[in-house]
Amino acid sequence: EEPSHDFIFRSKLPDIFIPNHLPLTDYVFQRFSGDGDGDSSTTCIIDGATGRILTYADVQINMRRIATGIHRLGIRHGDVVMLLLPNSPEFALSFLAVAYLGAVSTTANPFYTQPEIAKQAKASAAKMIITKKCLVDKLTNLKNDGVLIVCLDDDGDNGVVSSSDDGCVSFTELTQADETELLKPKISPEDTVAMPYSSGTTGLPKGVMITHKGLVTSIAQKVDGENPNLNFTANDVILCFLPMFHIYALDALMLSAMRTGAALLIVPRFELNLVMELIQRYKVTVVPVAPPVVLAFIKSPETERYDLSSVRIMLSGAATLKKELEDAVRLKFPNAIFGQGYGMTESGTVAKSLAFAKNPFKTKSGACGTVIRNAEMKVVDTETGISLPRNKSGEICVRGHQLMKGYLNDPEATARTIDKDGWLHTGDIGFVDDDDEIFIVDRLKELIKFKGYQVAPAELEALLISHPSIDDAAVVAMKDEVADEVPVAFVARSQGSQLTEDDVKSYVNKQVVHYKRIKMVFFIEVIPKAVSGKILRKDLRAKLETM
Ligand code: AYL
């Protein structure tokens, strides 16, 4: 390797042809078009909450009906629809319908508070929100501002027409539309299809514009080719309790499962015994997890009461999985192979364990995978920006068609994240070993990860500073056994203020979803800052360790 050139890492799998000129839903259901080999009478979705089954035929017809219904309500190509739903078949159908129409889904956590929802709905200019009856109370202001609210009944019986006296359109109106009314819309590969919110390496949450081309590429990198990196097949039953509003479940689970003809078993939330019962009942073959779920399996004395022998893949992602946890959970799943995926909302999947390939490679526990195919990766020195060889830690950068198009209305943040040569800077510190496996060792960026969920320090700092008795504030991560990291605040009170820790906590914590709640408050005189005005977070984290 020549030192004057970049050290670039590639997958061990060869590049493949990726049909990323296709609109997302054409690509996902390609097996059912023309001379495809798909059997549309097979199971696509199992509703874990009710046992209801939707075949591939059901899913496609419902997708087109809902698209027609949304179109009749005035949603057009490029318009934004917010999905504010727990994991459910309706989430999947709504996402597909919006994509089919050439519109954009902005996905949000249904547990968000009213102000958190309003912020995202306004920033994304959502014209419609698809939600559940029990959540509409949080949307009153948006409704009054003219946002259309489409509502599912809470009991899940959405074949029955319900009264619309609350000013909401019933979801049933969408599923009962006549799909022959809608001409298939024209979609360009560069059109945005999904817009989850992420704070990326710095600042407030931003709309991540993911295109049809980007998502198709990301899915194909995992599940396409003669030797797919992630070998999902039509015989698989893939469990999905990870939140579908997040890119991990959306891309790596829901859409990847549908591309391969597998069955997706959708579960509204993680509840250990229910999940084990479902694994046994449906002979689940793939269990995607995040590290806290791994801990729950390890700690449970009840795993032996269930037959978990059908599981052949356990795949962890979204946060660091310690080697000891991975080794311990292996014992509970006798027939499963283990490995990680590593990714970022802005980049799709960056790495995937090659233990999951159709013709698998030997891998090490603790590694978060090997860079996916049809992509490039490098590790750069954080001071000089120069690329580093194997076994040297630096910032992980990735390049390929799977990356986001950019942040909505934020060209500066986009340019800070994707450089002029097309490299996305992840803000993660790691290295590539002699076997092409990636190890993440640290995080350069501000982001705090509570059980894999994003907590943006800037968002909490803005709330803190809005308090009349707070002059300045900084939020950093503190290590935690269960959640991995929790947000804690350093606060500079205004002169003479008697503000207490509890005052600060209750002021912030009622405004945010549970995992953003501040766990501890430390009062200090001044927040340490660089001359540029940037908070010296490293100094604060160092301070925490001495306390
Ligand atoms: P976001 N190990 C360590 N840290 C990780 C890992 C991992 N396996 N995966 C994600 N992270 C951290 O946007 C890392 O700091 O998306 C990364 O920059 O919520 C940040 O989480 C991104 O957080 C997949 C598999 C996506 C996993 C994902 C994770 C998406 C998390 C697609 O196929």
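Just so you know, ligand 1 is whichever comes first in the structure, and atom 1 is the first atom listed for that ligand.
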What residue pairs, at least two apart or across chains, pass salt bridge (Lys or Arg N to Asp or Glu O under 4.0 Å) with a residue in residues 105-118?
E116-K516
At less than 3.5 Å, what protein N or O atoms come close to the N or O atoms of ligand 1? Include the distances to 0.1 Å.
from: ligand 1; atom 1: 2 (N); to: A319; atom 2: O; distance (Å): 3.4
from: ligand 1; atom 1: 8 (N); to: Q340; atom 2: OE1; distance (Å): 3.0
from: ligand 1; atom 1: 8 (N); to: G341; atom 2: O; distance (Å): 2.8
from: ligand 1; atom 1: 9 (N); to: A318; atom 2: N; distance (Å): 3.2
from: ligand 1; atom 1: 13 (O); to: T345; atom 2: N; distance (Å): 2.9
from: ligand 1; atom 1: 13 (O); to: T345; atom 2: OG1; distance (Å): 2.6
from: ligand 1; atom 1: 13 (O); to: Q454; atom 2: NE2; distance (Å): 3.0
from: ligand 1; atom 1: 15 (O); to: D428; atom 2: OD1; distance (Å): 2.6
from: ligand 1; atom 1: 15 (O); to: D428; atom 2: OD2; distance (Å): 3.4
from: ligand 1; atom 1: 15 (O); to: R443; atom 2: NE; distance (Å): 3.2
from: ligand 1; atom 1: 18 (O); to: D428; atom 2: OD1; distance (Å): 3.4
from: ligand 1; atom 1: 18 (O); to: D428; atom 2: OD2; distance (Å): 2.6
from: ligand 1; atom 1: 18 (O); to: K445; atom 2: NZ; distance (Å): 2.6
from: ligand 1; atom 1: 19 (O); to: H246; atom 2: NE2; distance (Å): 2.8
from: ligand 1; atom 1: 19 (O); to: K449; atom 2: NZ; distance (Å): 2.9
from: ligand 1; atom 1: 19 (O); to: Q454; atom 2: NE2; distance (Å): 3.3
from: ligand 1; atom 1: 21 (O); to: K449; atom 2: NZ; distance (Å): 3.1
from: ligand 1; atom 1: 23 (O); to: K449; atom 2: NZ; distance (Å): 2.7
from: ligand 1; atom 1: 33 (O); to: T349; atom 2: OG1; distance (Å): 2.7
from: ligand 1; atom 1: 33 (O); to: K352; atom 2: NZ; distance (Å): 3.0

Which residues pass the ring pair (Phe, Tyr, Trp, His ring centres under 6.0 Å) test with Y100, not counting sequence neighbours?
none
Just checking Y515: does its OH atom have more than 12 heavy atoms from other residues, nucleotides or ligands closer to it than 6.0 angstrom?
yes
Can you list everything that forms a ring pair (Phe, Tyr, Trp, His ring centres under 6.0 Å) with Y282? Sequence neighbours excluded, please.
none
Side-chain contact, heavy-atom cut-off 4.5 Å: Q340 with L315?
no
Think K206 forms a cation-pi with Y407, using NZ or CZ under 6.0 Å from the six-ring centre and within 45 degrees of its axis?
yes
